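See below for the structure under consideration.
Please read all numbers here as calculations on a predicted model, not as lab measurements. Here is how names work: the chains are called A, B, and so on, in the same order as the sequence lines, proteins then strands, and each is numbered from 1.
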Amino acid sequence: MLKKKIIFLIGPTAVGKSAIAVHLAGKINAEIISCDSMQVYNSMDIVTSQPGRAQRKKVKHHLLGVIKPDKEYNVARYRKDAMSICGKLFSKGSIPLFVGGAGLYYSVIIDGIFPSGPENKSIRARLYKQLSLKGNKYLYDKLSKVDPLSAEKIHPNDARRIIRALEVYMTAGLPISVLQRSRVGLGNKYEIKIFALNTNRRALYDKINQRVNKMFSLGLINEIKGLLKHKLSKTALCAIGVRELEGYFKGKYSLDEARGLIQRNSRRYAKRQLTWFRKDKRIQWVNIKGKETPLEIAKRIWKKLY
RNA sequence: GCCGAGAUAGCUCAGUGGUAGAGCGCGGCCCUGAAAAGGCCGGCGUGGGGGGUCCGAUUCCCUCUCUCGGCA
C-alpha cells in the first residue's frame, strides 16, 4: 500500500512561503496547516503577517488566528491540534501541507514529542524564585545531581532549560534526558517531504526590512495599541513587534528606533531559523532566484514531488 | 585662504613606541511543553597616502589628501 504523503514547506521569515504554498496546494489537492507559533493568535494579523483573505479563500488554511492573545500556547498543544487536523485531512483524501518557519514545531510533528504531563505552575514558580534568589549556578548544580546527562547538554546560563529539566524531574520522577528518548515520529507511516525556501542573505534581509515597513503602512501601530489594552499571554507577548512598540508607547525610544529594532530582531530570527534548518539533512532546499514568481517556484517544487 | 580638531572594524569611538580593543552591527552554533522564546561562541582590521627618526611606529616628526568646526 502506498504511504500517505505529508508535505512541509518551511523557510525563514519573509522569504515568501505563503504565496508559494497557495499555488502548490492548488496543484495537489492539499490544505494548508500553519506551522507558526504566533499566527495561531487572532487580533495580531499584521504583526504576525498572517496570510490575507484572498489567499485563504483559494485554499483552506488551518491553525491561523484560532487562539486569543491572552491564552498561552506551546509546542505540545500545537502538535495535538495539528495532528488532529492531519487526521481529518487524510480521511477526506487531501494532503496536509505544513507551512511555516517554526523549527521546533515542524520537527515535533515529524519526530514526535516525549510524553510529559502539563506544565506544573507551582513547581515552576518555585524554581524561578530560587533562580532569582540563588542564581543559575545553584539550579545548575541541582540538575547535575539528579540528571547529569542533561546538565552536560545544557549550558549553565540557560536558566530556562535548566528549570524545565528540573520541573520534569520533579513531576515525572524521571530525568528529562531519559524521557526524551521516547519520541514517536511519523517517518515510518507516512511519506514525508520537506522543502525549505531560501535566498541569498542580502536579498532576504531586504525583504525582511521591507516587510516591516509594510506592516507599519498597514496599521501596525494601531493593532499593537489595541492589543496592549488587554493582558497578553507571555507567549503572545513574544511576537516580534509587540515589545518594541510597547517601548515606543512608553517613550523609551522613537518610532524610527522601534522600527529599526523590529527589523533587526526579525533578521536575527531569520538567521536562527536558517541555523536550525541547515542541520536537518532531510530537507530539500529550494533556492529562489531573483525574478521567479511564486507560481514558478511552486511549479519547481511540484516537479520534485513525483 | 587662514586657524583649530580629526582620519583606527560595517557604524560610533577608545587606547598603546613592541603589528590593536569596546558598544552596536554582522557571522557561526545549540535547541523536545515560552521556540518570533532562551542560551553559547567569534574581531570580521593593509590603523587615510607617502616619506623620516628608531632595533621596532597605529602610536613621535614632516608632507599630501579628505572630513568637521571657527575666522574670513
Side-chain angles (χ1 to χ4, degrees), chain A residues 10-14 17 34-41 44 46-50 67 69 71-81 100-121 123-124 128 131 136 139-140 147 149-150 152-168 171-172 175-185 201-202 204-205 208-209 211-212 215 232-244 253 257 260-280:
Chain A
I10 61 180
T13 186
K17 297 182 288 292
S34 164
C35 187
D36 189 293
S37 62
M38 292 300 161
Q39 291 184 359
V40 290
Y41 286 112
M44 296 175 67
I46 299 172
V47 244
T48 64
S49 306
Q50 260 185 43
I67 304 283
K71 295 278 186 290
E72 307 286 348
Y73 200 75
N74 62 45
V75 220
R77 266 197 77 182
Y78 174 74
R79 180 175 150 88
K80 211 175 143 213
D81 294 345
L104 181 62
Y105 278 30
Y106 91 75
S107 88
V108 138
I109 297 295
I110 298 175
D111 304 314
I113 191 169
F114 79 90
S116 150
E119 160 185 358
N120 187 313
K121 287 213 160 144
I123 288 183
R124 212 179 263 204
Y128 271 100
L131 175 70
N136 45 21
L139 290 179
Y140 185 76
D147 186 357
L149 233 68
S150 292
E152 206 177 302
K153 260 179 68 181
I154 300 171
H155 192 278
N157 289 348
D158 199 347
R160 198 172 285 187
R161 288 204 170 73
I162 295 171
I163 286 177
R164 166 98 257 253
L166 285 170
E167 177 199 14
V168 168
T171 52
I176 191 170
S177 56
V178 170
L179 292 167
Q180 280 176 343
R181 285 182 207 135
S182 46
R183 289 176 102 163
V184 181
R201 198 60 66 91
R202 273 292 294 277
L204 180 64
Y205 283 4
I208 289 172
N209 294 158
R211 170 181 275 192
V212 172
M215 287 180 186
L232 290 183
S233 66
K234 71 180 180 216
T235 34
L237 206 54
C238 285
I240 295 173
V242 177
R243 288 220 168 85
E244 293 86 343
Y253 23 71
E257 284 171 322
L261 285 172
I262 295 171
Q263 290 172 328
R264 185 199 66 185
N265 293 339
S266 302
R267 291 194 298 270
R268 288 179 173 175
Y269 170 48
K271 180 169 145 17
R272 264 180 281 129
Q273 288 176 299
L274 287 167
T275 299
W276 180 292
F277 301 150
R278 237 178 263 137
K279 75 167 178 200
D280 189 339

Query raised in the report: If you look at every strand shown and take non-hydrogen atoms under 4.0 Å, does A:Asp36 touch a base, only sugar-phosphate, or nothing?
Result: base

**Report entry** Side-chain donor/acceptor of A:Tyr41 to base of B:A34, under 3.5 Å
**Finding:** no

Requested in this report: Assign A:Gln39 to base, sugar-phosphate, or nothing according to its heavy-atom contacts below 4.0 angstrom with the strands shown.
Outcome: base

Query raised in the report: If you look at every strand shown and take non-hydrogen atoms under 4.0 Å, does A:Thr48 touch a base, only sugar-phosphate, or nothing?
Result: base

Query - Flag, side chain of A:Gln263 to backbone of A:Asn209, donor-acceptor distance under 3.5 Å - result: yes

Report task. Scan A:Thr235 against the nucleic acid and name what it touches under 4.0 Å (heavy atoms): base, sugar-phosphate only, or nothing. Result -> sugar-phosphate

Report task. Give none if B:G38 has no partner; otherwise give the nucleotide forming a Watson-Crick or G-U wobble pair with it, both distances under 3.5 Å. Result -> B:C30

Query raised in the report: Just to confirm, is there a sub-4.0 Å distance from OP1 or OP2 of B:G39 to any side-chain nitrogen or oxygen of A:Lys153?
Result: no

Query raised in the report: In the strands shown, is B:C71 matched to any nucleotide by a Watson-Crick or G-U wobble pair with both distances under 3.5 Å, and which?
Result: B:G1

Requested in this report: Quick one: label A:Tyr106 by what it contacts on the DNA or RNA (base, sugar-phosphate, nothing), any heavy atom closer than 4.0 Å.
Outcome: nothing

Query - Exam field: side chain A:Lys71 to backbone A:Ala236, donor-acceptor pair closer than 3.5 Å - result: no

Report task. Please report, rounded to the nearest Å, how far the P atom of B:C31 is from the CZ atom of A:Arg183. Result -> 10 Å

**Report entry** B:G43 - base-pair partner by Watson-Crick or wobble geometry, distances under 3.5 Å
**Finding:** none

Query raised in the report: Do A:Thr48 and A:Gln39 get their side chains close enough for a donor-acceptor pair, meaning under 3.5 Å?
Result: no

Requested in this report: Pick base, sugar-phosphate or nothing for A:Val75, based on heavy-atom distances below 4.0 Å to the nucleic acid.
Outcome: sugar-phosphate

Query raised in the report: Which part of the nucleic acid, if any, lies within reach of A:Tyr140 when heavy atoms closer than 4.0 Å are counted: base, sugar-phosphate only, or nothing?
Result: nothing

Requested in this report: Please determine if a side-chain N or O atom of A:Arg164 lies less than 4.0 Å away from the OP1 or OP2 oxygen of B:U32.
Outcome: no

Query raised in the report: If you take atom types as modelled and just measure distance, does the side chain of A:Arg161 reach the base of B:G39 with a donor-acceptor pair under 3.5 Å?
Result: no

Query - Touch class at under 4.0 angstrom, heavy-atom based, for A:Tyr105 against every strand present - result: sugar-phosphate

Requested in this report: Using the six-membered ring wherever Trp is involved, compare the ring planes of A:Tyr105 and A:Tyr78 and label them parallel, tilted or perpendicular (cut-offs 30° and 60°).
Outcome: parallel

Query raised in the report: So what does A:Val47 touch, heavy atoms closer than 4.0 Å: a base, only the sugar-phosphate, or nothing?
Result: base

**Report entry** Earlier contact from the 5' end, RNA chain B, for A:Arg268 and A:Gly112
**Finding:** A:Arg268

Query raised in the report: Between A:Arg160 and A:Arg77, which is nearer to the 5' end of RNA chain B once each is assigned its nearest nucleotide?
Result: A:Arg77

Query raised in the report: Which is true for A:Arg201 with a 4.0 Å heavy-atom rule: it touches a base, it touches only sugar-phosphate, or it touches nothing?
Result: sugar-phosphate

Requested in this report: For the side chain of A:Tyr269, starting at C-beta, report the closest nucleotide among B:A34, B:G39, B:A37.
Outcome: B:A37

Query raised in the report: Does B:A7 have a Watson-Crick or wobble mate here (both distances under 3.5 Å), and if so which one?
Result: B:U65

